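Quick caveat, the model's predicted, so the values are computed rather than measured. Convention: sequence-line order gives letters A, B, ...; per-chain numbering from 1.
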Amino acid sequence: SGPQSMLDPAGGQAARIGVMGWILLAGCAFVYAVVLLWLLWALARRHRWVEPGGVLPPQAGVERRLTNGLVAWVVGTVLILFAFVAASYAVDKSLTHLANREEVVVEVEGKQWWWTVRYPDDDPSRSITTANEIHLPVGVPVRVKLKAADVIHSLWIPNLHGKMDLIPGRDNELFLTADREGIFRGQCAEFCGLQHAHMALDVIVHSRAAFDAWKEAQLAPAPAPADEALARGQALFLTSACTMCHGIRGTPASASVAPDLTHLASRRSIAAGALPYNRGNLAGWIADPQRIKPGNHMPLVGVPPSDLQALVAYLDSLK
Amino acid sequence: MGPRDGVSSSELRDGPSLGEEDTMRRLERTWGTPPGLWGWLTTVDHKRIGRRYIATGFVFFLVGGVLALLMRLQLAQPENTLVGPDRYNQLFSMHGTTMMFLFAVPIMEAMAVYLVPLMVGTRNIAFPRLNAFSYWVYLFGGVMIVVAFLMNTGPETGWFSYVPLAGPEYSPGKRTDFWAQMITFTEVAALAVAVEIIVTVFKMRAPGMGLNRVPLFVWSMLVTSFMVIFAMPAVMLASSFLIMDRLVSTQFFNPAEGGDPLLWQHLFWFFGHPEVYIIFLPALGMVSSIVAAMARRPVFGHVPMVLALVATAFLGFGLWVHHMFATGLPHLASGYFTAASMMIAIPSGIQIFCWIATLWDGRPQWTVPLLFVVGFVVIFVLGGLTGVMQASVPFDLQVHDSYFVVAHFHYVLIGGAVFPLFGAFYFWFPKITGRMLGERLGRWNFWLFFIGFNVAFFPMHLLGMMGMPRRVYTYPAELGWADLNLTATLGALLVAASVALFLVNVLVSLRAGRIAGPNPWNAGTLEWATASPPPSYNFAHIPVVEGLEPLWDKAGPLGMVHGLRVEEREVLLTTVLDAHPDLREPSPRSTIWPLLSALAVTVLFIGSIFTPWALVWGAVPLAVGLVGWFWPKRRHVPPEPVVES
Amino acid sequence: MSERHFVRDLSDLPTHGHGPSNLTWWGTMGFMLIEGFAFVLAGFTYLYIMMQFRHWPPGMPPPDLTWGTLMTAALLLSLVPNVWAKRVAEASDLRGTRRAVLVMLAVGLVTLGIRGFEFTVLNALWDSNAYGSILWTILGLHTVHLLTDVGDTAVLAVLMFTRHGKDPRRMGDVTDNALYWNFVVGAWVPIYALLYLVPRFA
């Protein structure tokens with residue numbers, strides 16, 4: 001239940017792991033019940049009498065029965081564990097079957113404390129870079145390539161699959177196949193420093209057509225300012241410290257230290273899931289990023305209130 | 001009765017020719033610790049050191065608990081601002097570090113330091129000065145990290161300190177250096193105790209206590225000590241690599257120069273997983289002691305129990321990779337580690353069966369120690385089963401690093417170690433203090449703990465499956481985690497109340513508890529054969545063991561050997577397998593050198609956080625300390641001269 | 001107290017022994033086990049880091065053979081006086097032990113000197129890359145053991161010329177020290193192979 005839960009699988013991988021979970025849960029519940037019943041019996045039965053401070057000597061016949069019980073216990077444990085290992089192996093194998101098939105490739109790079117998301121293309125002008133948002137076509141196998149820019153992160157989208165670490169110096173990957181449309185949420189699962197708690201991303205599963213349309217929209221450069229006010233906002237952006245870190249395609253701003261803002265206003269959230277996207281939150285974020293997400297790497301730029309509205313209006317036009 | 005004719009008093013031996021009162025008076029003079037502060041600083045009595053080791057460990061348990069409460073309060077509601085991310089990260093790093101390194105392992109070893117020499121029937125632990133040294137090093141290391149934390153220089157990268165986050169680039173400042181040196185302190189202390197325990201068990205058992213008659217608690221500590229010897233070097237090596245990367249620019253974990261962040265994880269978990277069993281095996285030994293005494297019969301299946309301990313130790317070293325399933329390992333490796341991780345359920349299952357069987361065939365006495373044992377079974381088995389679930393790679397990929405794991409390991413560690421430990425406190429408190437802990441408060445203590453624990457930790461299973469990751473200082477309201485988090489916080493408060501009741505119980509009972517007598521539970525092992533609290537020399541005469549539960553196996557008084565010096569500290573060494581008397585060995589008197597050496601070590605370790613040259617100049621006082629330590633002391637009896645040839 | 005039931009008189013038991021009947025022997029074994037396992041893990045780390053590189057050693061020549069090989073020869077030869085020291089101590093021969101301990105002290109100082117030269121021809125620094133780091137660390141770890149044993153030998157040498165030398169228990173200390181020196185030598189042989197031969201022939 002919910003957009004970030006393994007209890008509500010929305011993809012082939014998560015569904016298979018879900019089955020594995022239920023098998024394990026059923027087996028373990030059975031074992032737990034047996035142990036508790038055995039304990040209850042042992043405590044509640046009529047016991048041999050012993051005078052206070054006296055000692056009960058073991059009786060040969062009882063010891064023999066208990067030894068038989070122990071043997072049966074061990075055999076039972078082994079059988080159940082064997083079944084678990086077999087089931088686990090089978091599910092692992094079925095996950096491997098789902099892997100290595102790809103129609104869409106997504107590159108995700110984890111950084112302190114946000115995600116770069118790229119859709120590479122053989123034609124470099126057709127590759128897309130966005131941030132903190134993964135869009136997937138429904139029913140299509142996707143290869144997610146995982147890299148880390150600084151420390152170890154881990155990508156976990158519980159509705160779609162288990163997690164996989166992003167490790168500096170290594171290349172990992174994760175195969176996803178979403179089987180229903182919807183909006184899900186993923187989060188960094190490996191402790192990565194101060195704002196580990198605010199390193200989330202949105203996962204939007206579209207129909208194939210909607211996905212292609214989204215891709216086309218993302219390929220377009222940022223729209224030119226439509227009016228005087230927006231033009232002033234753009235000028236403010238381009239002359240401010242913002243351009244040291246952020247890029248907007250179609251403008252001279254081309255830095256890639258921080259999230260690409262070309263289509264910022266099309267995203268659902270800002271600051272890696274820390275706030276829902278809207279003008280008010282955006283203004284609050286720019287005014288004081290350290291209040292909302294203390295320790296994050298976006299400095300206080302110090303935009304005067306008179307300029308802030310124009311700047312936010314411009315950014316909000318980047319659909 | 002006076003000394004025999006023609007024997008100088010320093011040659012006096014215990015035995016038929018010396019009256020019992022006289023023997024005890026003389027032994028007390030020989031073995032007793034001098035009064036006052038000087039005595040306190042110089043003592044090498046395993047009971048005094050064990051007592052302060054236990055008390056110190058418990059203080060760290062309280063510290064770790066307070067840190068946990070602060071975290072629970074922060075998480076009680078979404079978007080809470082009670083503590084910020086920087087403080088929160090220090091809180092959970094300190095909580096894990098304190099509980100694992102400063103509470104769990106030390107207090108288990110502390111119980112052994114107190115109990116093992118008594119249970120094997122000897123006068124002091126092997127290497128008593130090393131024992132004192134170990135305590136001081138542990139104390140200084142623990143105080144160092146708490147002081148650093150209070151000065152806002154506490155660890156901030158978790159008790160596991162993964163690189164590169166903990167490396168020089170992403171954790172500048174001294175926080176992680178203090179953490180890494182704390183590891184060195186506690187591991188030196190733990191390794192020293194491990195060697196003492198092994199040698200005490202191998203060489204100092206009472207005559208007749210062949211390996212087949214060693215009590216299960218002593219077995220569990222022996223196996224644990226071997227695990228310490230093989231596990232701790234890995235983390236010491238890892239933390240040394242880390243601190244060298246940070247201080248002298250080695251490149252162990254820097255992928256750009258051929259290092260590898262996963263090297264840290266392999267070394268850390270090669271220690272970190274056995275660490276869990278290092279905490280848990282002693283607790284199993286405590287459970288066996290309590291079950292036997294409370295069921296009024298020896299534990300069913302002594303041999304399978306011992307084999308299960310040994311098997312757990314071996315398997316425990318073969319599973320570390322299950323902490324790394326999400327790092328993208330080859331399938332073959334993860335498949336092997338799935339099977340190995342599940343296999344460890346077999347020896348655990350054997351032990352659970354044997355304890356329940358013992359209660360089934362015995363006559364359970366409903367005392368507080370037994371309550372804690374029953375609570376242990378109920379909680380630990382659930383934690384063990386969720387552990388089996390996580391051995392499955394696909395399932396683990398989902399729950400790894402989620403609150404499901406937090407729930408799992410608290411069920412295993414609190415259920416599997418803290419419940420038995422509290423049972424053990426109630427069980428051995430009368431031996432240590434001479435007075436019983438209150439049963440009434442004890443029952444409140446137990447039920448509040450049991451209920452509070454489950455209220456606190458059961459919801460975390462659900463939270464994990466609902467997507468809540470570990471180590472987050474806050475979470476958004478819309479994910480629906482608020483109610484379960486609030487429940488968990490309330491449970492944590494119940495546990496805190498329960499621990500507070502325990503403290504009250506201890507304070508009240510120390511003054512006004514029922515006088516215990518030597519053997520209040522009518523238990524069968526040797527520690528109950530002497531007074532409560534035991535005299536400084538433990539036993540006036542070394543007992544002879546004829547069975548597994550020496551006090552149950554014989555109707556009459558225990559047999560004894562005699563002939564040990566009473567005016568010199570002397571212990572009896574026996575052979576490893578059959579415990580035949582072998583040597584009479586002198587045992588050291590009180591000395592200040594272990595404390596001075598520990599101070600020198602502390603200067604060296606803390607200095608090296610700031611400059612590597614501390615390793616050079618710090619070695620000078622350490623060498624002085626060690627030479628002073630090992631320089632032969634004057635004894636009352638002149639040694640027999642060596643023949644000059 | 002009338003309940004005393006004595007079954008055996010131990011007055012005649014000896015008060016000192018050699019080897020496994022000694023507590024110190026077991027303690028030394030325990031610490032050798034710990035340190036030996038640390039060496040094993042450090043060796044695994046060396047091999048693990050080796051797997052991270054295509055060429056080994058990475059872009060630099062392996063350590064020069066001269067001093068390391070001399071070290072190996074010196075340590076292996078030192079076993080002869082070491083066995084002698086153990087024998088005379090076990091025989092409680094004070095004069096022999098005094099001489100043997102002095103010889104072992106000299107041997108120890110010579111090996112420390114060789115070790116000093118070894119560090120100058122490693123052809124890598126500890127901070128150049130992970131190879132240099134593990135190379136220096138393993139050699140440093142072994143040097144700490146050399147230093148410890150030489151220090152212990154020095155203290156024993158002084159002891160032997162005081163009145164404490166007459167205490168038979170000090171003879172046990174000498175045999176334990178000889179045991180530890182065997183460990184220092186035994187640890188070196190695989191380390192030599194790892195640091196000097198593996199980069200050349202593996």
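Judged by distance alone, the side chain of B:R129 and the main-chain N or O of B:W629 form a donor-acceptor pair under 3.5 Å. Here the side chain of B:D245 pairs a donor or acceptor atom with the backbone of B:Q251 at under 3.5 angstrom.
When each of B:L191, B:L267, B:T574 is checked for heavy-atom pairs under 4.5 Å with chain C, B:L191 comes out on top. In terms of heavy-atom pairs under 4.5 Å with chain B, the best-connected choice from C:I49, C:V155, C:L33 is C:L33. The choice from C:V40, C:T24, C:L41, C:T162 that makes the most heavy-atom pairs within less than 4.5 Å of chain B is C:L41. Of the residues considered (B:V544, B:V248, B:T200), B:V248 shows the highest number of contacts with chain C, using heavy-atom pairs under 4.5 Å. Ranked by heavy-atom pairs under 4.5 Å with chain B, the first of C:V7, C:N22, C:L23 is C:L23. Contact tally against chain C (heavy-atom pairs below 4.5 Å) for B:T575, B:L573, B:D14: the top residue is B:L573. For the set B:L130, B:I198, B:I229, the entry with the most heavy-atom pairs within less than 4.5 Å of chain C is B:I229. Chosen from B:L572, B:D260, B:V627, the residue pairing most often with chain C at heavy-atom distances under 4.5 Å is B:D260. Highest contact tally toward chain C, considering only B:V571, B:D582, B:L262, is held by B:D582 [criterion: heavy-atom pairs under 4.5 Å]. When each of C:P20, C:G30, C:G27, C:G132 is checked for heavy-atom pairs under 4.5 Å with chain B, C:G27 comes out on top.
With a 4.5 Å cut-off on non-hydrogen atoms, B:L583 touches chain C through its backbone and its side chain both. Interface remark: B:H562 contributes backbone and side-chain atoms alike to the contact with chain C (heavy atom separation under 4.5 Å). Neither the backbone nor the side chain of B:M236 comes within less than 4.5 Å of any heavy atom of chain C. Neither the backbone nor the side chain of B:N254 comes within contact range of chain C; no heavy atoms are under 4.5 Å apart. Proximity to chain C (any heavy atom under 4.5 Å) is shown, for B:S587, by neither the backbone nor the side chain. Contact annotation for C:S21: both backbone and side-chain heavy atoms come within less than 4.5 Å of a heavy atom of chain B. For C:Y48, the part sitting under 4.5 Å from any heavy atom of chain B is the side chain, from C-beta outward, and nothing else. Contacts between B:L263 and chain C at a heavy-atom distance below 4.5 Å involve backbone atoms as well as side-chain atoms. Neither the backbone nor the side chain of C:P58 comes within less than 4.5 Å of any heavy atom of chain B. Neither the backbone nor the side chain of B:L564 comes within less than 4.5 Å of any heavy atom in chain C. Heavy-atom distances place no part of B:E196 under 4.5 Å from chain C, backbone and side chain included. For a residue to count as touching a neighbouring chain, one of its non-hydrogen atoms must lie under 4.5 Å from one of that chain's; by this rule B:I542 does not touch chain C. Neither the backbone nor the side chain of B:M232 has a heavy atom closer than 4.5 Å to any heavy atom of chain C. Only the side chain of B:F202 comes within contact range of chain C, with at least one heavy atom under 4.5 Å from a heavy atom of that chain. In this structure, chain C has no heavy atom under 4.5 Å from any part of B:V228. For a residue to count as touching a neighbouring chain, one of its non-hydrogen atoms must lie under 4.5 Å from one of that chain's; by this rule B:L626 does not touch chain C. Only the backbone of C:S128 has a heavy atom closer than 4.5 Å to any heavy atom of chain B. Neither the backbone nor the side chain of B:F630 comes within contact range of chain C; no heavy atom of the residue lies under 4.5 Å from a heavy atom of that chain.
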Derivation and outcome, ring-ring contact (aromatic ring centres under 6.0 Å, His included), residues C:Y131 and C:F53: CA-CA 9 Å; C:Y131 160 73; C:F53 285 96; 7.6 Å; no
Could you check C:F39 against C:H145 for ring-ring contact (aromatic ring centres under 6.0 Å, His included), going step by step and ending with a plain yes or no? CA-CA 11 Å; C:F39 277 126; C:H145 284 76; 4.9 Å; yes
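Screening B:F317, B:F230, B:W269 for a side-chain contact (heavy atoms from CB on, under 4.5 Å) with B:P274, the sole residue that qualifies is B:F317.
For B:W264 and B:F241, the ring centers are positioned 6.0 Å apart or more.
Under 4.0 Å is where a charged nitrogen must lie from a carboxylate oxygen, and between B:E21 and B:R25 no such pair does. For the pair B:R13 and C:D9, the salt-bridge criterion is not met [side-chain N within less than 4.0 Å of a carboxylate O]. For C:R87 and C:E90, the salt-bridge test fails: no basic side-chain N is under 4.0 Å from an acidic carboxylate O.
One distance of note links CG of C:D64 with OH of C:Y196; it measures 8.5 Å at 0.5 Å rounding. We find the CD1-OG1 distance between B:I243 and B:T184 to be 6.5 Å, quoted to the nearest 0.5 Å.
Relative ring orientation between C:H142 and C:W188 is described as tilted, the plane-to-plane angle lying within the 30° to 60° band. Using cut-offs of 30° and 60° on the angle between ring planes, the pair C:W136 and C:F119 is tilted.
Crowding of C:F161 atom CZ: a count of heavy atoms from other residues, nucleotides or ligands under 6.0 Å exceeding 12. Heavy-atom neighbours of C:Y192 OH from other residues, nucleotides or ligands within 6.0 Å: above the threshold of 12.
The closest side-chain heavy-atom distance from C:E35 to C:V184 is not below 4.5 Å.
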